[in-house]
Amino acid sequence: MRGLSFNTAISIVVTAVIVTMVVLFLPSSPMESVRRTLGLGSERGLPARPVEDPGGIFAFAMTQPGSAEPVGWDPCRPVRCRVNPANGPDGGADLIARAVERVSAATGLTFEDEGATDERPFRAQFVPLGTDRPVVIGWGSPAEFPELAGDIAGIGGGAAEEGVLGRRYYVTGAVALDTDVFTTLEIARRPQTMEAIVLHELAHVVGLDHVNEPTELMANTNNGQIDFGPGDREGLARVGALPCA
């Protein structure tokens, strides 16, 4: 068997070094997946919240195949967010920022504000496998989002894909808030109530579903709740405590 020539061996070594540098340092979502597969992934940006059982009620929007374990976001990657300011009320951006901060505190997930966008919520194109898209939060009317008809003040949710190890994770999401409800006057008069609606929709984005319990913020109908209830907090802690992808 003939051995490799010196020049060929050098070429292989150089190629291997280049590939290694790309895997380690290229700031892209696909390379991040490769790094995690090789055990080179990053750590959590925030510590996981302790999971306690105070006796509340919660439900997950999605669960892992054949399991009661929830689908959630990869806690070792930031949840990227963008806000579409079109038709938004005065004070709306601050309202969203406060709600995002509270969801981050309740889940231990890191959120990354990527600024304004002209993309509309729930209008994202196909997400290529192994990548993600920012969560888009915006304002709209029932004419654009029929789900906002009636007494529905907002809609929210996430989309998941299966990771390299078979576990599903959310990779994008969206929130649409009703312009008939979120007016400048209402935000000034009822800031806590308006913020609670945004909290509810963001909780859908990170993985919670509705429950039939009026004391929880994730109840089908809000009965004056302005903060997460005991079940909400347990559910949010659980979706934020998943292992990294």
Side-chain angles (χ1 to χ4, degrees), residues 28-37 41-46 48-49 51 58-84 96 99-114 117 119-138 147 154-177 198-211 217-218 228 232-245:
S28 69
S29 295
M31 286 302 100
E32 183 67 21
S33 298
V34 172
R35 286 190 287 271
R36 290 196 301 273
T37 301
S42 57
E43 297 181 351
R44 293 184 64 105
L46 295 172
R49 296 291 301 166
V51 177
F58 63 89
F60 299 127
M62 294 179 63
T63 56
Q64 300 294 337
S67 168
E69 189 176 8
V71 172
W73 292 81
D74 181 354
C76 289
R77 298 174 68 181
V79 180
R80 300 156 54 216
C81 296
R82 291 180 180 175
V83 176
N84 186 325
I96 291 171
V100 167
E101 185 176 350
R102 290 170 68 181
V103 172
S104 177
T107 58
L109 295 172
T110 301
F111 287 76
E112 186 175 282
D113 182 2
E114 295 196 339
T117 180
E119 184 177 338
R120 300 301 293 157
F122 300 103
R123 298 294 187 268
Q125 297 178 353
F126 174 74
V127 181
L129 185 65
T131 64
D132 56 21
R133 292 178 63 93
V135 173
V136 176
I137 305 172
E147 298 91 341
I155 52 176
E161 72 174 24
E162 188 170 306
V164 293
L165 299 180
R167 182 185 295 273
R168 291 179 181 173
Y169 289 90
Y170 289 114
V171 294
T172 190
V175 171
L177 303 168
V198 183
L199 280 176
H200 178 104
E201 302 310 331
L202 287 173
H204 281 313
V205 171
V206 297
L208 292 192
D209 202 355
H210 287 140
V211 295
L217 189 61
M218 296 309 294
F228 294 125
D232 301 320
R233 293 192 180 280
E234 181 182 351
L236 290 169
R238 289 186 181 277
V239 297
L242 298 179
C244 295

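- In this structure, the side chain of Trp73 does not engage the main chain of Gly207 through any donor-acceptor pair within 3.5 Å.
- Heavy atoms only, all atoms of each residue included: Val171 and Asp132 are closest at O-CB, 3.1 Å.
- Closest of all the heavy-atom pairs between Gly154 and Glu201 is O-OE2, 2.9 Å.
- For the pair His204 (side chain) and Ile155 (backbone), a donor-acceptor distance under 3.5 Å is absent.
- Using a 4.5 Å heavy-atom cutoff, the side chains of Val135 and Val79 are in contact.
- Side-chain contact between Val103 and Leu199 is present, with heavy atoms from C-beta onward closer than 4.5 Å.
- When all heavy atoms of Val211 and Ala59 are compared, the pair lying nearest together is CG1-N, 3.6 Å.
- By the side chain to side chain contact (heavy atoms under 4.5 Å, CB included) test, Thr63 is found to be paired with Phe60, residues two or more places apart in sequence or in another chain being considered.
- Among residue pairs with one or both ends in residues 100-111, those qualifying as salt bridge (charged side-chain N to carboxylate O under 4.0 Å, His left out) are Arg102-Glu195, Arg102-Asp227; sequence neighbours excluded.
- Scored by the side chain to side chain contact (heavy atoms under 4.5 Å, CB included) test, Ala174 finds Pro121, Phe122 as partners (sequence neighbours excluded).
- The closest donor-acceptor contact from the side chain of Arg44 to the backbone of Gly108 lies under 3.5 Å.
- Pairing each heavy atom of Pro75 with each of Leu242, the nearest pair is CG-O, 3.1 Å.
- Annotation for Ser104 and Leu109: closest pair OG-O, 2.6 Å, computed over non-hydrogen atoms.
- Here the CE atom belonging to Met218 is positioned 4.0 Å from the NE2 atom belonging to His200, to the nearest 0.5 angstrom.
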Could you go through the side-chain contact (heavy atoms from CB on, under 4.5 Å) check for Ile137 and Leu202 one step at a time?
CA-CA 9 Å; Ile137 305 172; Leu202 287 173; 4.1 Å; yes
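- Every residue two or more places apart in sequence or in another chain that forms a side chain to side chain contact (heavy atoms under 4.5 Å, CB included) with Thr117 is listed here: Arg82, Asn84, Glu119, Val136.
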Chi angles and distances behind the side-chain contact (heavy atoms from CB on, under 4.5 Å) call for Leu177, Val198:
CA-CA 8 Å; Leu177 303 168; Val198 183; 4.0 Å; yes
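- Among residues two or more places apart in sequence or in another chain, the side chain to side chain contact (heavy atoms under 4.5 Å, CB included) test is passed with Val71 by Met62, Gln64, Ala160, Arg168, Tyr170.
- Every pair passing side-chain hydrogen bond (donor to acceptor under 3.5 Å, both in side chains) that includes a residue from residues 234-245 is listed here, sequence neighbours excluded: Glu234-Arg238.
- Considering all non-hydrogen atoms of both residues, Glu114 and Pro134 come closest at OE1-CG, 3.4 Å.
- Between Cys81 and Asp113, every side-chain heavy-atom pair lies at or beyond the 4.5 Å cut-off.
- Listed for the Thr107 side chain is no donor-acceptor partner under 3.5 Å among the backbone atoms of Gly240.
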